Amino acid sequence: MDFNKEKFKEVLHYIINECGTKNNVGKTVLYKLLYFSDFNYFELYEKSITNESYRKLPRGPAPIHFDVAVNELITEGKISVTTKNIPLGRVMYNYFSLKQPSMNFNKTELAVINNIIDELSYMTANQISEYSHGDMPWRATEDMDIIDYGFVFYRNPEYVKRHYDESD
């Protein structure tokens, strides 16, 4: 699978446009919204939206091209980022859309992304990290390794998106 940087940037920009103004949506939440968009799409259609690689980090899956994509979107004048200090000496990054995102998505891609936004974008960084730790692809991967998309087919029922017809 070849990484599609432009598609990844479009998905990221769209998610920022849709929920970047929420107080809870920072880098960690964006990581997970991107991850679940790609992995849920893969479960449903056996291909990723962006072909991004996600690494297993202690706080959950993280896209490896995130910073590159953010920097390019900033340079292109499409998003801005601010920071604020939060407890425990951490920094929260807040992302804001400055322009309408490109909508180069097919109907199924847009439906999966919107579903993820609806289901998960209300969660705090801690909540969505904990939630991601229950997903089989993250659980089945060694620390710091790239997560295999194929593990979506071994998900626990609460994460499964593909529903099979009983007569199959």
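This chain uses plain numbering: 1 for the first residue, then up along the sequence. In what follows, every heavy atom counts, from backbone to side chain, and hydrogens, waters and symmetry copies are set aside. These numbers were taken from a predicted model, which means no experiment stands behind them.
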Any heavy-atom pair between the side chains of I49 and I113 that's under 4.5 Å? yes
Quick check, are the ring centers of F39 and Y159 under 6.0 angstrom apart? no
Is any NZ, NE, NH1 or NH2 atom of the basic residue among K56 and D143 found under 4.0 Å from an Asp or Glu carboxylate oxygen of the other? yes
Can you find a heavy atom in the side chain of K27 that is under 4.5 Å from one in the side chain of F66? yes
Heavy-atom closest contact (P63 atom, L34 atom, distance): CG-CD1, 4.1 Å
Quick check on side-chain contact (heavy atoms from CB on, under 4.5 Å): which of E46, E109, K161 does Y41 satisfy it with? E109
Got a salt bridge between D135 and R155, using NZ or NE/NH1/NH2 to carboxylate O under 4.0 Å? yes
Under the 3.5 angstrom rule, does the side chain of R55 hit a backbone N or O of I146 as a donor-acceptor pair? no
Can you confirm whether F96 is buried at CZ, in the sense that more than 12 heavy atoms of other residues, nucleotides or ligands lie under 6.0 Å from that atom? yes
Which heavy atom of S132 sits nearest to which heavy atom of S129, and what is that distance? OG-O, 2.7 Å
Check: I116 main-chain N/O paired with E119 side-chain donor or acceptor under 3.5 Å: no
Out of curiosity, Y95 OH to S80 OG, how far, rounded to the nearest 0.5 Å? 11.0 Å
Look up atom NZ in K99 and atom CG in N17, then write down how far apart they are to the nearest 0.5 Å. 13.0 Å
Using a 3.5 Å distance criterion without hydrogens, assess whether the side chain of N4 forms a donor-acceptor pair with backbone atoms of N51. no
Inter-residue atom distance T50.OG1 - F42.CZ, 0.5 Å rounding: 12.0 Å
Separation between CZ (F36) and OG (S121), nearest 0.5 Å, reads 13.0 Å
Rounded to the nearest 0.5 Å, how far apart are CG of L57 and OG1 of T141? 11.0 Å
Where the side chain of Q127 meets the backbone of T124, is there a donor-acceptor pair that is under 3.5 Å apart? yes
Determine, for E130 against R59, whether the closest basic-nitrogen to carboxylate-oxygen distance falls under 4.0 angstrom. no
What do the steps show when you test E72 against K5 for salt bridge (Lys or Arg N to Asp or Glu O under 4.0 Å), and what is the final call? CA-CA 10 Å; E72 288 185 17; K5 182 170 66 167; 2.8 Å; yes
So, do Y31 and Y54 have ring centers that fall under 6.0 Å from each other? no
Any L33 side-chain heavy atom under 4.5 Å of I128 side chain: yes
In this structure, is the centre-to-centre distance between the rings of F105 and Y14 below 6.0 Å? yes
Could you check whether any side-chain heavy atom of N94 comes within less than 4.5 Å of a side-chain heavy atom of V25, counting everything from C-beta outward? no
Ignoring hydrogens and geometry beyond distance, is a side-chain donor-acceptor pair present between T108 and Y45 at under 3.5 Å? no
Side chains of S102 and H13: any donor to acceptor distance under 3.5 Å? no
Within a reach of under 6.0 Å around CG of N106, are more than 12 heavy atoms found that belong to other residues, nucleotides or ligands? yes
Rounded distance (nearest 0.5 Å) linking atom CD of E18 with atom CG of D118: 9.0 Å
Counting distance only, does the side-chain N/O of N24 pair as donor-acceptor with the main-chain N or O of M123 below 3.5 Å? yes
Are the side chain of N156 and the backbone of E158 linked by a donor-acceptor contact shorter than 3.5 Å? no
Do E52 and K7 pass the salt bridge (Lys or Arg N to Asp or Glu O under 4.0 Å) test, and can you show the C-alpha distance, the side-chain angles, and the key distance before you say yes or no? CA-CA 10 Å; E52 171 64 311; K7 188 73 159 203; over 6 Å; no
Below 4.0 angstrom, N of the basic side chain to O of the carboxylate: do E76 and K9 qualify? yes
Would you please indicate yes or no on a ring centroid separation below 6.0 angstrom for H65 and F3? yes
